[in-house]
Amino acid sequence: MSPAAGATTETAAFARRIRNSVWLTVAALILTSLIALVALWRIVSIVDLAIVERAEGLLLAQALQLQFERNVAANRAYMLTGRAHFREAALEAATEFDETIQTLRGMARTHKGRLLLEMSARAEEAHSKASRNAMDAAGTLGASDVLREFESLVLPQTMEVAAHIAALTRHKRTRLDETTAKAVRWTQLALLALLLVTLANAMAGAFVITVVRRTLRRVNRYAAELNHAVRMRDEFLAVAGHELRTPLSVLGMSSQLLQRAMADPKGADTRMLGALASRLERNVAAVAALVDRMLDVANLNDGRLDLMKLPCNLAEVASEAIERLGPICDQAGCPVSLEIRDRPSGRWDRTRIDQVVSNLLINVTRHACTAPAVMTVTREGNWARLTLADQGPGVPVADRLRIFDRFERLGAPEDGSGMGLGLALARDIVLAHGGRMWVDDAPGHGACFVVELPVES
Amino acid sequence: MAPTIMVVEDNPDMLSTLAMVLEFEGYSVLTALNGLEAQQCLQGVSALPALILLDLQMPVMDGETFLRTLPGLAIPGAAEVPVLVLTASADQPVGVVGTLRKPYDIAELLSRVASVVER
């Protein structure tokens, strides 16, 4: 598997893992919300039970009051009429009163409630006892004076029981009101908590999804950049191999030819041997230059471009480069003329600046070998400016940054447009000098490469 | 009479080295720096070469265009001249007798040339 394919597979696996994590997070958030909802439901149920219990207590207190009133009324009726079933009704009401007291005892939760209950129970016992004693003392039944005497004997106890029951009822009503108010408050709080949990979950979910999306975008971008870099490297290796094959073939065959000529001295003459020797020298130089350019790129990649900055004149560098490479430009069909409008100087590495100018000239022979080109040297403020305007096809606006990247070429990988290093190297050298470099439209048509270097202050 | 071989190659050093190797071996050699020059040369010769050694990547007219347009030039017998491709890549165009990949040595070159010329 190639590194690019490996990176793609790794990225896909990473993206899959992130997607799974997101689903797990979303599931966890939904589960949390559900748990909060169930908790709220439980709180409401518990509160509801408490209210029902309090209401039941109030109802029982009211029942207690009615039972006591029934008891009192039945006793009076019995005293007035002397009929036995009134007496039985009074006893039945008293029994029910006792049962209600027992039920209320089982429900009592507060000290005050228990106290009021016991006071009511004791008062009722006192009332019953007073009633029995009063009945015994009253004697003959059915006379109004008898009832008056009975009432005078029992009334204090009756009043006391009624007062205690009334206090118990009030207490129970207060407890119900308090519990209801508390229930409303707790339910509101629980609802608020649920709302907050849901909101927090939603925000957490949105945050997680945003972060993951951003991460995925970044990973995809890195993967694309990696793939691009690997593809560029592969193309570079293919082109470098291709560029090396021709001089290596010449070297190989020339040396073999030399051996054959030496083995058969009659077949070789001095002219032939001289031609072979100079060819060997040229192609060794070509291979060496190729290797130098590759090493330059490696050094620039590592930030190891050592500059020997000395006073240097841009016009002189341009003249020398054109003198050296002019014949190659002429042969390629793009003679280059030089216009020196100014002679700016600066502290630059002369060899490296020469490399910049040479790379621009070589670039013209590759991409604009159809018409003459013009190189100019001027000064613009604090900048020494060198331009090279050709009449070739120009550089599309979309490619004007890309062509300065390493291993980037305007042509197809193997159309002879070089290794995609010349302009990248030139740009890096210019940047290392604190200068700038770009490409623009040439007047008319074609491309105009511009180099600006800081002049000596 | 020694067979004539045409060499079409854009690199001047490679062209003159190939020519020198073949001449040293006794062949007559015709040279051209690109496909167009080769076609013009073929139109001017009295006898067609026994073999064409053709580079593929060349300016002006590349090897593949040369091969594609050769039959349309109305040079009697030109389309039948065997072509041995000299290339740095692994591709072999249609209609050629073989491919010689750079870098190659003299023995291999001469052996391939001889096998085609003496056929």
Side-chain angles (χ1 to χ4, degrees), chain A residues 235 237-264 266-269 271-287 327-328 331-334 365-370 411-418, chain B residues 2 5 7-27 29 31 33-37 53-66 84-93 99-114:
Chain A
E235 283 182 10
L237 290 175
V239 175
H242 179 267
E243 296 253 325
L244 279 167
R245 281 176 189 277
T246 299
L248 285 176
S249 291
V250 174
L251 286 172
M253 284 199 298
S254 297
S255 58
Q256 287 170 31
L257 202 56
L258 203 57
Q259 284 173 353
R260 285 180 177 224
M262 287 169 72
D264 180 15
K266 281 183 285 182
D269 57 27
R271 190 179 56 80
M272 179 188 166
L273 291 175
L276 277 174
S278 61
R279 198 174 300 156
L280 283 169
E281 190 180 359
R282 267 199 309 279
N283 284 277
V284 166
V287 172
I328 294 175
Q331 198 179 1
C334 53
T365 66
R366 282 186 174 139
H367 297 288
C369 49
T370 50
E414 295 187 1
D415 68 349
S417 57
Chain B
I5 294 169
V7 185
V8 191
E9 162 70 59
D10 65 322
N11 186 295
D13 278 345
M14 178 61 92
L15 183 64
S16 54
T17 307
L18 286 168
M20 202 178 272
V21 168
L22 293 169
E23 281 167 357
F24 199 81
E25 200 62 19
Y27 294 105
V29 180
T31 59
L33 280 165
N34 56 60
L36 188 64
E37 212 176 293
L53 295 179
L54 178 71
D55 186 19
L56 287 183
Q57 291 165 20
M58 293 178 291
V60 185
M61 182 189 285
D62 62 28
E64 294 201 35
T65 311
F66 168 81
L84 193 58
V85 164
L86 310 171
T87 178
S89 66
D91 303 331
Q92 176 172 320
T99 302
L100 209 54
R101 283 200 72 197
K102 296 175 184 175
Y104 31 76
D105 62 19
I106 290 178
E108 187 188 3
L109 171 73
L110 293 176
S111 140
R112 297 292 295 275
V113 167

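Every chain is numbered from 1, with letters handed out A, B, ... down the list of sequences. Values below: every heavy atom of this structure, side chains too, minus hydrogens, waters and symmetry copies.
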Quick check on B/Leu110 against chain A: is it the side chain, the backbone, both or neither that has a heavy atom closer than 4.5 Å?
side chain
Side chain / backbone / both / neither for B/Glu25 at chain A, heavy atoms under 4.5 Å:
side chain
Which distance, rounded to the nearest 0.5 Å, do you find between the CG of B/Asp13 and the CZ of A/Arg282?
4.0 Å
Heavy-atom distances under 4.5 Å only: say whether B/Asn11 touches chain A with side chain, backbone, both or neither.
side chain
Quick one: salt bridge (charged side-chain N to carboxylate O under 4.0 Å, His left out) partners of B/Asp62, sequence neighbours excluded?
none
What's the separation between atom NZ in B/Lys102 and atom CG in A/Leu248, rounded to the nearest 0.5 Å?
11.0 Å
How far apart are the closest heavy atoms of A/Ser249 and B/Pro103, and which atoms are they?
OG-CA, 2.9 Å
Pick from A/Leu244, A/Asn283, A/Leu251 with the largest number of heavy-atom pairs that fall under 4.5 Å of chain B:
A/Asn283
Under 4.5 Å heavy-atom distance to chain B, tell me which part of A/Ala275 shows up: side chain, backbone, both or neither.
side chain
Give the C-alpha distance, both sets of side-chain angles, the deciding distance and a yes or no for side chain to side chain contact (heavy atoms under 4.5 Å, CB included) between B/Leu18 and A/Met253.
CA-CA 8 Å; B/Leu18 286 168; A/Met253 284 199 298; 3.5 Å; yes
Of all heavy-atom pairs linking A/Leu257 and B/Thr17, the shortest is CD2-O, 4.5 Å
